[in-house]
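Structure first, then comments.
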Number of protein chains: 2
Amino acid sequence: MRAILGSRTGSGVAMGRQGASSRDVAALAGVSIGTVSNVINRPDIVAPRTRSKVEAAIQELGFVPNASARRLRGASTRTIGVVVPDVSNPFFTDLARGAEDKANEADFLVIVCNSDESVIKEEHYLSMLEAQQVDGICITPASRTSLQKSPTFKRLMERKVGLAVMDGRLRGVDACFATVDDVQGGAMAAEHLLELGHRSFLWITGPDSIPQCYDREMGIRSALENAGLGREALTRVEVQAMSADAGVAIGEALVQDGLRHTAVICANDLLAFGCLRAFLEHGIRVPDDISIVGYDDIDFARVAAVPLTSIRQPRRELGRTAAQMVLAQCTDSESVPPREVIFQPQLVVRESTAAPKAGT
Amino acid sequence: MRAILGSRTGSGVAMGRQGASSRDVAALAGVSIGTVSNVINRPDIVAPRTRSKVEAAIQELGFVPNASARRLRGASTRTIGVVVPDVSNPFFTDLARGAEDKANEADFLVIVCNSDESVIKEEHYLSMLEAQQVDGICITPASRTSLQKSPTFKRLMERKVGLAVMDGRLRGVDACFATVDDVQGGAMAAEHLLELGHRSFLWITGPDSIPQCYDREMGIRSALENAGLGREALTRVEVQAMSADAGVAIGEALVQDGLRHTAVICANDLLAFGCLRAFLEHGIRVPDDISIVGYDDIDFARVAAVPLTSIRQPRRELGRTAAQMVLAQCTDSESVPPREVIFQPQLVVRESTAAPKAGT
DNA sequence: GGCAGGGATTGAATCGTTTCACCGTGCGCA
DNA sequence: TGCGCACGGTGAAACGATTCAATCCCTGCC
């Protein structure tokens, strides 16, 4: 009476477009399909003899449970999404890598999505992740405000998909946050330069809609204010893409204009690299003629043409923490994970900063 | 008689742990569930009026088809896996990013896996990807030989999962390959240095099991041979991890030993960076005292302390091509995609190489 | 020896979608 | 008027695993 249960590919080494199914395993082991499921999910409740029979069958057929079917029946897909602006920015690479490490420890897979800071792409990815039935999402939002308005995002929240925002906070959103204190980081950069004696600053940053940029600027401004400087002490230049190329472009423009500041603070190391390169190519000496501070302290900061003073962020740790939060939400179901972890940035002084020249 | 079909959450704005299902949409639009499916998959065969009714219902409920259910019924998951040694190596970052770009254009999602060059981790990831029912896999194998032996890999092949090997070839495997001619690349590096007059080389490389390392070394050796040099002209140093830190360690050791070569060729830019840094810290001048050639030409190569001469690879293009091949295999079903694309590397000369000092 | 109880296993229902055989309806044509 | 056909739409089966109520079997106890 069990003969009828054969797989569509026969009972031997079941192969074809699809691998072996639990039916095949059950047939080969001479048990019911439910027992196979038990062996996989609750091995302890299965009698040792039965268990080893089933395990042998699983081995022989090379059976791997179909995650789609599993998910359909309510189980987890063991998959999380990671949405970042651009993994080719080393900062986000490390964020993603950290998240992947943590996920891997829990046997989860990671779907990586690059939003390229486009709200539209982000929204699109979110809905694909929803369709994929991911268990959770770690996201660095493309914008400070638009995510909250996204219908997909709202649905995701309502469906109680695990959610952790990396490196940024969202007003009025009930999610976990793994952030670095960007206001503090901005202040650190400014204070370092103030201590060296600088009084005139150039701030190269991305669009104001990027929360990190916004916060860092706030930190810089408050530090300058505390030092008794007026708003005119800080000149603000905004770039569209926070890339090395953009940094080069700005650096070139600055050189053309004649340098009017003694110090440059960049919203990330990539910009700083570009800027540095443009300066050096035009014979401007760093830090003698001008100081540069980067942000992120990516691995390459220390091997730059002039090793870069930068604000270090615990990048991998940030990703790990976010993944941890997401996993906690979707694994331990009702245990409430810490809602917010704020890391402190760290000033790393290298050779790109020094006291301004006397004559300035 | 259709009343019985309500969703478990009622007929209004259906919400809960799960989003709205096609049943909900069907109920709201007053059509059958099959019609909803038709609207989604073959809109052309549905009458315009019906179609717009259904589309309105989809909108209202925020319906997103469940990919698991879809897949279960034989459709694609619209997901591919990308397995690389380590995305925090910029070379692989770009490979992954290229693949993601291409996948995104076709509305596919990418699952990124870091094997850390561990055959065990690689195998584990492969079986998770199998369970996820990915449509295809782009992989840079952790080893030259072990993948062919992996049972999971064999199953994957038999199941006709789309497969593309990035940056490496596998003996006796029937898959697509997107590679760069590493033998040629190694030769280019050596020839450049030979032309400058170098005769004594140090080759810093990863384990021989890594195909790229192996091939590059072959290229170097044949170039030296062609130049009439014996095997003793090349000293080989092997590191476990091809990271900047490993480069620093080697660099330090070299300095301790006293430099016996006039040129160093590194199997990747990270090693070159580390080496460069160690040299500079000990007052050794590059390229005056010693020349360094990297490999990959990552973005940072040109902004290094001494801009690095390197062998450029079309990184993103490689990833894009691999993804393209995989997608072709799983989309156009029977159209045979090009089996192999070989890109040519390119020598980029910067400031880290020069003729050896006269007295050497 | 019979029965209660508990551990092991089974079988059927279920998840949400796709697919396909089938059914009405209305129209053109003989 | 009646036949056949095309078009739109329906409904049920199927995909592969999980879950849980039901069943079976064995052991130990009275």
Side-chain angles (χ1 to χ4, degrees), chain A residues 1-2 4-9 14 16-27 29-54 58 61 63-78 130-133 159, chain B residues 1-2 4-9 14 16-27 29-54 58 61 63-78 130-133 159:
Chain A
M1 61 203 186
R2 199 177 283 123
I4 205 98
L5 287 178
S7 134
R8 56 230 158 298
T9 44
R17 195 70 179 80
Q18 289 284 125
S21 74
S22 51
R23 258 218 312 285
D24 301 312
V25 174
V31 298
S32 86
I33 203 173
T35 301
V36 174
S37 175
N38 284 336
V39 169
I40 293 166
N41 301 299
R42 288 111 82 208
D44 42 302
I45 73 158
V46 179
R49 284 200 47 176
T50 317
R51 197 196 317 167
S52 52
K53 261 194 309 180
V54 174
I58 288 178
L61 296 176
F63 168 69
V64 179
N66 181 323
S68 302
R70 212 169 212 182
R71 168 65 206 176
L72 192 50
R73 194 55 190 114
S76 142
T77 45
R78 304 195 81 74
E130 181 184 11
Q132 278 304 321
Q133 313 273 114
R159 281 181 43 188
Chain B
M1 60 202 182
R2 198 176 286 121
I4 205 99
L5 286 179
S7 136
R8 55 228 159 300
T9 45
R17 194 70 179 80
Q18 291 284 125
S21 75
S22 50
R23 257 218 315 284
D24 300 312
V25 174
V31 298
S32 86
I33 203 173
T35 302
V36 175
S37 175
N38 284 336
V39 169
I40 294 166
N41 302 299
R42 288 112 82 208
D44 42 301
I45 74 159
V46 179
R49 283 200 50 174
T50 318
R51 197 197 316 167
S52 52
K53 259 196 308 182
V54 173
I58 289 177
L61 296 175
F63 168 68
V64 178
N66 179 323
S68 302
R70 208 169 214 182
R71 167 65 206 175
L72 191 52
R73 195 54 192 120
S76 144
T77 44
R78 305 194 82 74
E130 182 184 10
Q132 278 305 320
Q133 313 274 114
R159 280 180 47 188

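Just so it is clear: chains get the letters A, B, ... in the order the sequence lines come, proteins before strands, and each one is counted from 1. Every value quoted in this text rests on a predicted model; they were computed, and no experiment measured them.
With a 4.5 Å cut-off on side-chain heavy atoms, B/Arg70 and B/Asn41 count as touching. With a 4.5 Å cut-off on side-chain heavy atoms, A/Thr50 and A/Val31 count as touching.
To the nearest 0.5 angstrom, A/Arg51 atom CZ is 11.0 Å from A/Asn38 atom CG. Rounded to the nearest 0.5 Å, atoms CZ (B/Arg42) and OG (B/Ser37) are 6.5 Å apart. To the nearest 0.5 Å, atoms CZ (A/Arg71) and CG (B/Asn66) are separated by 7.0 Å. For the atom pair CD1 of B/Ile33 and OG of B/Ser22, the computed distance is 4.0 Å after rounding to the nearest 0.5 Å.
Going from atom CZ of B/Arg23 over to atom P of D/dA12 covers 13 Å, rounded to whole Å. Here the P atom of nucleotide C/dT17 and the CG atom of A/Asn66 are 16 Å apart, to the nearest Å. The CD1 atom of B/Ile58 sits 10 Å away from the P atom of C/dT17 (whole-angstrom rounding). Atom C1' of nucleotide D/dC15 and atom CZ of A/Arg71 are separated by 17 Å, given to the nearest angstrom. Between A/Arg51 atom CZ and C/dG7 atom P the separation is 15 Å, expressed in whole Å. In this structure, the CD1 atom of B/Ile45 is 14 Å from the C1' atom of C/dA21, given to the nearest Å. Across the protein-nucleic acid pair, B/Asp24 atom CG and C/dC15 atom P stand 11 Å apart, rounded to whole Å. Look at CG on A/Leu72: it is 12 Å from C1' on D/dA14, rounded to the nearest Å.
Between the side chains of B/Asp24 and B/Ser21, at least one donor N or O lies within less than 3.5 Å of an accepting N or O.
Remark: of the listed residues A/Ile40, A/Val46, A/Val39, A/Val39 is the sole one forming a side chain to side chain contact (heavy atoms under 4.5 Å, CB included) with A/Val54.
For the helix from C/dG1-D/dC30 to C/dA30-D/dT1, the terminal axes (five pairs an end, C1' atoms, rotation from four pairs onto the next four) enclose an angle of 60°, given to 10 degrees.
Residues B/Ala47 and A/Ser68 both approach DNA chain D. Their nearest nucleotides, taken by heavy-atom distance, put B/Ala47 toward the 5′ side.
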Where do N or O atoms of nucleotides 18-24 of chain D meet protein N or O atoms at under 3.5 Å, pair by pair?
unit_1, atom_1, unit_2, atom_2, d
D/dT18, OP1, A/Asn41, OD1, 3.4
D/dT18, OP1, A/Asn41, ND2, 3.1
D/dT18, OP1, A/Arg70, NE, 2.6
D/dT18, OP1, A/Arg70, NH2, 3.3
D/dT18, OP2, A/Ser37, OG, 2.9
D/dT18, OP2, A/Asn41, ND2, 3.1
D/dT18, O2, A/Arg73, NE, 2.8

Notebook entry, point to check: Step by step, would you call B/Thr35 with B/Lys53 a side chain to side chain contact (heavy atoms under 4.5 Å, CB included)?
Noted result: CA-CA 11 Å; B/Thr35 302; B/Lys53 259 196 308 182; over 6 Å; no
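For A/Val31, whose side chain is taken as the heavy atoms from C-beta onward, the closest listed nucleotide among C/dT9, D/dG16, C/dT10 is C/dT10. Distance from the side chain of B/Ser32 is smallest to D/dT10 among C/dT9, C/dT10, D/dT10.
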